[in-house]
Amino acid sequence: MTAKVAYESVEVGTELPAQSFPVTRATLVEYAGASGDFNPIHWNEKFAREVGLPDVIAHGMFTMAEAIRVVTDWAGDPGAVVEYGVRFTKPVVVPNDAKGALIEVGAKVAALLDDRRVRVDLTVTSEDKKVLGMSRAVVQLA
């Protein structure tokens, strides 16, 4: 597979469609099973509070994975992402209710690079707090 977006069709400032991703405690349990990360801060409210967290928090790698979906959906091919990095700035707090939390992601093309690649900068928030900083991906376009 290759990216479905042509390099010639984008410019610096091109905005990718924003997306929101709901996260519930059930989501965290499912992710823990798939990833093997059973750290109790992701499912045990009592433990999370005992170690100084406000409540159970989402896995950092889960948050990263949800965020990059904005880029992979836009590019049309997950393999088009050739670099991806973030800085964890705040946790995604997931309350024990039916609503849970919401990860909100916006992104835009920040730079046109050589070899038909672009750098995409992502803005990732939850409860109006930036949860990932320096969130950047390099994408190989068609």
Inset, instruction - Among V56, L28, D55, L53, find the one that has a side chain to side chain contact (heavy atoms under 4.5 Å, CB included) with I41. - result: L53

Legend entry - Distance, nearest 0.5 Å, that separates CD1 of I68 from OG1 of T63: 13.0 Å

Inset, instruction - Could you tell me whether the side chain of W43 reaches within less than 4.5 Å of the side chain of N96, counting heavy atoms only? - result: no

Legend entry - Pairing residues for D37 by the salt bridge (charged side-chain N to carboxylate O under 4.0 Å, His left out) criterion, not counting sequence neighbours: none

Legend entry - Distance (rounded to the nearest 0.5 Å) between T14 OG1 and E11 CD: 5.0 Å

Legend entry - pair V139-V82: side-chain heavy atoms closer than 4.5 Å: no

Inset, instruction - Grab the two heavy atoms, one from P54 and one from V93, that are nearest each other, plus how far apart they are. - result: CG-CG2, 3.6 Å

Legend entry - Close side-chain approach of S35 to F62, heavy-atom, < 4.5 Å: no

Inset, instruction - Run the salt-bridge test on K90 and E127 with the 4.0 Å N-O cut-off and return the result as yes or no. - result: no

Inset, instruction - Please answer: with hydrophobic residues joined when any side-chain heavy atoms are less than 4.5 Å apart, are I57 and I103 in the same cluster? - result: no

Legend entry - Under 3.5 Å donor-acceptor, T89 side chain and K130 backbone: yes

Inset, instruction - With the side chain counted from C-beta on, respond yes when R136 and E83 share a heavy-atom pair under 4.5 Å apart, and no when they do not. - result: no

Inset, instruction - Please round to the nearest 0.5 Å and tell me the distance separating atom OH of Y84 and atom CE of M64. - result: 4.5 Å

Inset, instruction - Please name the pair of heavy atoms, one in R117 and one in Y7, separated by the smallest distance, quoted to 0.1 Å. - result: O-CE1, 3.3 Å

Legend entry - Shortest non-hydrogen separation from A58 to V94 and the atoms involved: N-CG2, 4.0 Å

Legend entry - Close side-chain approach of L122 to V71, heavy-atom, < 4.5 Å: yes

Legend entry - Minimal non-hydrogen separation, A137 against V81, with atom names: CB-CG1, 4.3 Å

Legend entry - Ring geometry between H59 and H42 (parallel below 30°, tilted from 30 to 60°, perpendicular above 60°): parallel

Legend entry - SB check E8 R116 (cutoff 4.0 Å): yes

Legend entry - Linked, directly or transitively: M61 and V70 (ILVMFWY side chains, under 4.5 Å): yes

Legend entry - Nearest-0.5 Å distance, CG of residue D77 to CD of residue Q140: 10.5 Å

Legend entry - Contact check, side chains of D73 and Q19, non-hydrogen atoms, under 4.5 Å: yes

Inset, instruction - Give a yes or no answer on whether the side chain of T125 reaches the backbone of D128 with a donor-acceptor pair at less than 3.5 Å. - result: no

Legend entry - Taking every non-hydrogen atom, the tightest pair across L16 and K108: CD1-CA, 4.0 Å

Legend entry - Minimum heavy-atom distance V86-S135, with the two atoms named: CG1-OG, 3.4 Å

Legend entry - Sub-4.5 Å side-chain heavy-atom contact between L102 and F21: no

Inset, instruction - Would you indicate whether the side-chain heavy atoms of V118 and V10 approach each other to under 4.5 Å? - result: yes

Inset, instruction - Ignoring hydrogens and angles, tell me if any N or O in the side chain of S126 forms a donor-acceptor pair with the backbone of V92 under 3.5 Å. - result: no

